[in-house]
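Each chain gets a letter, A, B and so on, in the order its sequence line appears, and its residues count up from 1.
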There are 2 protein chains.
Amino acid sequence: METVDTRQEILIQASRLFKKLGYRATTTREIAKAVNIKQPSLFHHFPNKKAIVEEIFSLSLNEAAVRIEEACRRDGPASERLHQYLVWDLSTLHRMPMAMSAIYTGDALKSEEFAELAAKLKAFYHSLEDLISQGIDSGEFVEIDPMLGRLIVASMTIAHLEYAEEVTVTDPDRIAREGADLILRAFRREQN
Amino acid sequence: METVDTRQEILIQASRLFKKLGYRATTTREIAKAVNIKQPSLFHHFPNKKAIVEEIFSLSLNEAAVRIEEACRRDGPASERLHQYLVWDLSTLHRMPMAMSAIYTGDALKSEEFAELAAKLKAFYHSLEDLISQGIDSGEFVEIDPMLGRLIVASMTIAHLEYAEEVTVTDPDRIAREGADLILRAFRREQN
DNA sequence: GTCTATACTGAGATAGAC
DNA sequence: GTCTATCTCAGTATAGAC
């Protein structure tokens, strides 16, 4: 058996613990125990604890950052582009074996140590606010501060992820669509 | 000058740090530094670090738990009762000098150590789900799993708190009403 | 009620055998 | 690639002077 499996298992178990306890509160001993190895063995797969959370973070954010930026630049109604993005995002996250809500919920990103990751996330948020602004300008969305809009999209995404992590998903695509619909309801102006 | 001021200041600074870094990641030295006292002086005001977070938590939850339960039992449209509750909740939280979003966001509640607080929060969530169920049954709300509804109410509340903590609120009542409106938009069936 | 000094514990990480 | 043993350091909390 290759090392890849243990590596993957570390990511899965660590993400669950990060979600439950937060990054700092989760000890490498706890992660190791969940993976069924001893604590020092973790350091064969990752140089340090930080690298574990960085990898989980990259998994969730790298492609998302590209896609949200594309969504900003494409033509067509902003509400449709946001909806499309959210469906992709949710269905991708729902398919991952890690507890992805750990990332956004977590304490890790807010500390100095993770300034680089925080910067990536900030850029992502910037694009998201841009897209929301477009929808407000075109009259598709209610008039709110784009920053509040971004906070709501992010928090509803987490809520939906947490929900899906709870109920065991059978059809990731369907639940992703429902999630995206729900998020857009909070913004979209009723067309009468 | 009485000890009350230092005590209050500890709660304020601690809440901000808990919000930024999470409970476990925030050290008593950092809290002390923010309050401008030395680390051991904290222990004159609180028996331990845990007691600080417990007090912040109680401040936010004790009355809320009572009010949400009352809202469940009153007559009238569930959407109105939920709206009323949310206005009260948001305006109360917005008025507090602490960073109240720290509590829900934080990692503290999820650890074993805080099982008692977690139980209180669970009871609160139970009432919230009950109220949402009432609104679904009466046709006021869209048909979603009440648990998802609860997650969304909670996450949007946090998002709104974080927003208000960012922009400096001049009129807590107005922003509370706007927040409650926004949260209800996500659920309320459009009446055609 | 705040300080300095310090005890104690638990965490991340390394060394080196197997 | 995993183990046992251990280093080192940071964090909570206490003791006791002022």
Basic-acidic side-chain contact under 4.0 Å: [X], [Y]:
| X | Y | result |
| --- | --- | --- |
| B/Asp173 | B/Arg95 | yes |
| A/Lys120 | A/Glu116 | no |
| A/Lys49 | A/Glu113 | no |

Note to self: Is the distance from the ring center of B/Phe114 to that of B/Tyr23 below 6.0 Å?
What the structure shows: yes
What's the closest nucleotide to the [X] side chain, out of [options]?
| X | options | answer |
| --- | --- | --- |
| B/Asn48 | C/dC3, D/dA13, C/dA15 | D/dA13 |
| B/Ile37 | D/dA15, C/dT2, C/dG12 | C/dT2 |
| A/Arg24 | D/dG11, C/dA11, C/dT14 | D/dG11 |

Between [X] ([atom1]) and [N] ([atom2]), how many Å, whole number?
| X | N | atom1 | atom2 | result |
| --- | --- | --- | --- | --- |
| B/Phe46 | C/dG1 | CZ | P | 13 Å |
| A/Glu113 | C/dG12 | CD | P | 11 Å |
| B/Leu17 | D/dT12 | CG | P | 12 Å |
| B/Arg7 | C/dT2 | CZ | C1' | 17 Å |
| A/Asn36 | D/dT2 | CG | P | 11 Å |
| A/Phe43 | C/dA15 | CZ | P | 13 Å |
| A/Ile10 | D/dT2 | CD1 | C1' | 11 Å |
| B/Gln39 | D/dG11 | CD | P | 10 Å |

On the nucleotide [N], are OP1 or OP2 found under 4.0 Å from the side-chain N or O atoms that [X] carries?
| X | N | value |
| --- | --- | --- |
| A/Thr6 | D/dG1 | no |
| B/His44 | D/dT14 | no |
| B/Lys38 | C/dT2 | no |
| A/Ser41 | D/dC3 | yes |

Next item on the list: Work out which heavy atom in B/Arg74 is nearest to a heavy atom in B/Arg81; give both atom names and the distance.
Entry: O-NH1, 3.0 Å
Checklist line | Heavy-atom closest pair, residues A/Arg16 and A/Pro97 | finding: NH2-O, 3.7 Å
Notebook entry, point to check: Considering only heavy atoms, which members of residues 26-34 of chain A lie under 4.0 Å from some atom of DNA chain C?
Noted result: A/Thr26, A/Thr27, A/Thr28, A/Arg29
Next item on the list: Classify the side-chain pair B/Gln39/B/Thr28 by whether it contains a donor and acceptor separated by less than 3.5 Å.
Entry: yes
